[in-house]
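Quick note on labels: first sequence line is chain A, next is B, and so on, each numbered from 1.
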Amino acid sequence: MRIATWNINGLRARKEFVEVWLKERQPDLVGFQELKIQDVDFPHEFFEELGYEAFVHGQKSWNGVAILSKAGGKLIQKGLKGQDDFGARLITVQVNDLEFTTCYCPNGKDIDHPDYIGKLDWYDSLISESKKSEQKNRILCGDFNIVARPIDSWKGEKATGEIFHTQEERLRMKELKSTGLEDIYESKYKDEQMFTWWDYRGGSFHRKHGLRIDTILATKDIAKRTKDFVIDRDFRKKKGDLTPSDHAPVYIDLE
DNA sequence: ATGGCTCTCGCGGAGAGA
């Protein structure tokens, strides 16, 4: 079973690119972030023809998350309690015995910006909801907008203290994991440096100037069943005349 | 990098992203 997460940076702009990826990689379950589209404009038929049922929590212009499932599922939740003002950023679907959540965590803008406090508060809500879950098999994947460890930034230790790299943000990631979720990337790769996002500007991708901010967290049994964790860098590159997202897709293969 | 791309809205250029 292949389970993926991908910040696509606009579904309208990325539809054909996403189609190429789905056909090539054939994931069973996918969490998308940054749809930038309203629910009414979501192309359900397009994904049905590719073999997926879609669950959508969208919004005009900004944010927006969706789940595609080959095996269908049951919608459990849209959004995080008390955090609606921050936009459409979380959706949960039950697929057989798996509770699957994808999230687009707030950016925070800058450590002096009010959104930074909002980001920490949003995380506190996420942590408190995760703590309450009694599901044995859970996956929480998405764009976390936090660089969990110095090695996860191309700037390394030098970036500590900047937005995405503060102790407060890193503490939130640690607390999130302490609710019974394991970062499968960190278990698989230990101290290797790999990125999931590269700035569009200045040839960052080719200069290896990136960040690891997208990942897949899972409960113990799921983590144990994971054969592979892949950052699909090839899909951060142009496909013919199709523009890529600034994030690469990320997926795991389960036994 | 005080922003060198790309997205959306909507028709010009501004705001957001990370």
Side-chain angles (χ1 to χ4, degrees), chain A residues 5-19 21 32-43 56-66 85-90 102-120 122-123 141-170 172-173 185 193-215 231 233 235-250:
Chain A
T5 177
W6 192 8
N7 179 323
I8 56 173
N9 187 21
L11 179 57
R12 256 187 296 260
R14 211 69 58 215
K15 211 170 136 194
E16 287 73 28
F17 198 105
V18 166
E19 180 181 7
W21 178 75
F32 285 138
Q33 306 87 40
E34 274 209 272
L35 269 62
K36 300 184 178 178
I37 202 169
Q38 298 177 88
D39 289 11
V40 289
D41 296 323
F42 189 90
V56 185
H57 184 31
Q59 140 187 14
K60 192 174 179 169
S61 305
W62 310 114
N63 311 313
V65 286
D85 291 351
F86 240 130
R89 294 178 179 274
L90 182 141
T102 197
C103 63
Y104 173 49
C105 303
N107 172 304
K109 292 192 176 76
D110 188 85
I111 56 170
D112 298 323
H113 195 283
D115 278 11
Y116 176 64
I117 302 299
K119 177 182 191 175
L120 299 177
W122 192 93
Y123 260 96
C141 64
D143 174 359
F144 290 88
N145 275 330
I146 291 179
V147 173
R149 312 166 302 174
I151 198 173
D152 298 319
S153 169
W154 64 278
K155 288 194 272 187
E157 295 280 5
K158 284 202 295 288
T160 301
E162 293 176 12
I163 187 78
F164 284 48
H165 309 70
T166 67
Q167 295 307 329
E168 290 149 315
E169 289 165 302
R170 287 176 173 162
R172 297 311 189 281
M173 276 307 279
Y185 172 89
Q193 186 173 61
M194 291 167 76
F195 305 134
T196 64
W197 172 88
W198 297 262
D199 201 309
Y200 281 122
R201 297 165 293 185
S204 296
F205 183 71
H206 294 288
R207 293 163 71 186
K208 303 185 185 341
H209 291 183
L211 304 174
R212 187 181 73 88
I213 51 178
D214 306 87
T215 196
I231 298 174
R233 287 180 82 259
F235 283 85
R236 175 60 179 77
K237 301 171 187 168
K238 267 190 161 177
K239 291 280 165 199
D241 58 353
L242 300 175
T243 308
S245 167
D246 44 358
H247 296 250
V250 165

Per-pair distances, 0.1 Å, donor-acceptor, side chain in residues 202-211 of chain A, under 3.5 Å, sequence neighbours excluded:
residue   : atom : partner   : partner atom : Å
Ser204(A) : OG   : Arg201(A) : O            : 2.8
Arg207(A) : NH1  : Gly202(A) : O            : 2.9

Over all strands shown, is His209(A) touching base, sugar-phosphate only, or nothing at heavy-atom distances under 4.0 angstrom?
nothing
5'-most contact on DNA chain B: Trp197(A) or Arg14(A), nearest heavy atom basis?
Arg14(A)
Rounded to whole Å, how long is the line connecting atom CG of Leu35(A) with atom C1' of dC7(B)?
13 Å
For DNA chain B, write out the stems as range with range, using runs of 3 or more consecutive Watson-Crick or G-U pairs with both distances under 3.5 Å.
B:5-9 with B:13-17
How long is the line joining CZ of Phe205(A) and C1' of dA18(B), in whole Å?
17 Å
Only counting residues at least two apart or in another chain, list the ones meeting side chain to side chain donor-acceptor pair (under 3.5 Å) with Gln38(A).
none
What residues, two or more places apart in sequence or in another chain, satisfy side-chain contact (heavy atoms from CB on, under 4.5 Å) together with Pro244(A)?
Phe17(A), Arg236(A), Lys238(A)
Of the listed nucleotides (dG17(B), dC7(B), dG3(B)), which one gets closest to any side-chain atom of Asn9(A)?
dC7(B)
Just to be sure I understand the rule, does Phe144(A) reach a base, reach only the sugar-phosphate, or reach nothing, if contact means heavy atoms closer than 4.0 Å?
nothing
DNA chain B nearest-nucleotide lookup for Asn63(A) and Tyr200(A): closer to the 5′ end is Tyr200(A)
Could you point out which residue of Asn9(A), Ile8(A), Asn7(A) forms a side chain to side chain contact (heavy atoms under 4.5 Å, CB included) with Gln33(A)?
Asn7(A)
Between C1' of dG3(B) and CD1 of Ile163(A), the distance in whole Å
17 Å
What is the separation between atom CD on Glu34(A) and atom P on dT8(B), rounded to the nearest whole Å?
10 Å
Show your working on side chain to side chain contact (heavy atoms under 4.5 Å, CB included) between His57(A) and Leu90(A) and close with a plain yes or no.
CA-CA 7 Å; His57(A) 184 31; Leu90(A) 182 141; 5.8 Å; no
In whole angstrom, give me the gap between the C1' atoms of dG12(B) and dT2(B).
23 Å
Contacts of Lys239(A) meeting side chain to side chain donor-acceptor pair (under 3.5 Å) (sequence neighbours excluded), chain-then-number -> Asp234(A)
My understanding is that only residues two or more places apart in sequence, or in another chain, count here; which of them pass ring-ring contact (aromatic ring centres under 6.0 Å, His included) with Tyr185(A)?
Tyr189(A), Phe229(A)
Return the set of residues passing side-chain contact (heavy atoms from CB on, under 4.5 Å) with Ala159(A) (not counting sequence neighbours), or none when no residue passes.
Ser153(A), Lys155(A), Glu162(A), His165(A)
When rounded to the nearest Å, what value does the distance between P atoms of dG15(B) and dC11(B) take?
16 Å
Contacts of Trp198(A) meeting side chain to side chain donor-acceptor pair (under 3.5 Å) (sequence neighbours excluded), chain-then-number -> none
What is the distance, rounded to the nearest whole Å, between atom NZ of Lys119(A) and atom P of dG17(B)?
10 Å
When the distance from CD of Gln59(A) to C1' of dG17(B) is rounded to whole Å, what number comes out?
14 Å
Of residues 151-159 of chain A, the positions that come close to DNA chain B - non-hydrogen atoms, cut-off under 4.0 Å
none
Is any side-chain heavy atom of Phe42(A) closer than 4.5 Å to one of Leu11(A)?
yes
Categorize Asn7(A) for me: base, sugar-phosphate, or nothing, with a 4.0 angstrom heavy-atom threshold over every strand shown.
sugar-phosphate
Given dA18(B), is OP1 or OP2 found less than 4.0 Å from the side-chain N or O atoms of Arg201(A)?
no
Looking across every strand, which nucleic acid part, if any, lies under 4.0 Å from Asp143(A) by heavy atom: base, sugar-phosphate, or nothing?
sugar-phosphate
I'd like the P distance from dA14(B) over to dG10(B), given in whole Å.
16 Å
Which residue pairs pass the salt bridge (Lys or Arg N to Asp or Glu O under 4.0 Å) test when at least one of the two sits in residues 109-118 of chain A, sequence neighbours left out?
Lys109(A)-Asp115(A)
Please report the distance, rounded to the nearest Å, between NE2 in His247(A) and P in dC7(B).
13 Å
Using whole Å, report how far CD1 of Ile213(A) lies from P of dG17(B).
12 Å
Students often get this wrong, so: under 4.0 angstrom with heavy atoms, is Asp199(A) touching a base, only sugar-phosphate, or nothing?
base
Asp143(A): salt bridge (charged side-chain N to carboxylate O under 4.0 Å, His left out) partners, not counting sequence neighbours
none
Can you check side chain to side chain contact (heavy atoms under 4.5 Å, CB included) on Arg12(A) and Asp41(A), steps first, answer last?
CA-CA 9 Å; Arg12(A) 256 187 296 260; Asp41(A) 296 323; 4.2 Å; yes
Anything under 3.5 Å between a protein N or O and an N or O of nucleotides 9-16 of chain B, put it in a table, one pair a line.
residue : atom : partner  : partner atom : Å
dC9(B)  : OP2  : Arg12(A) : NH2          : 3.3

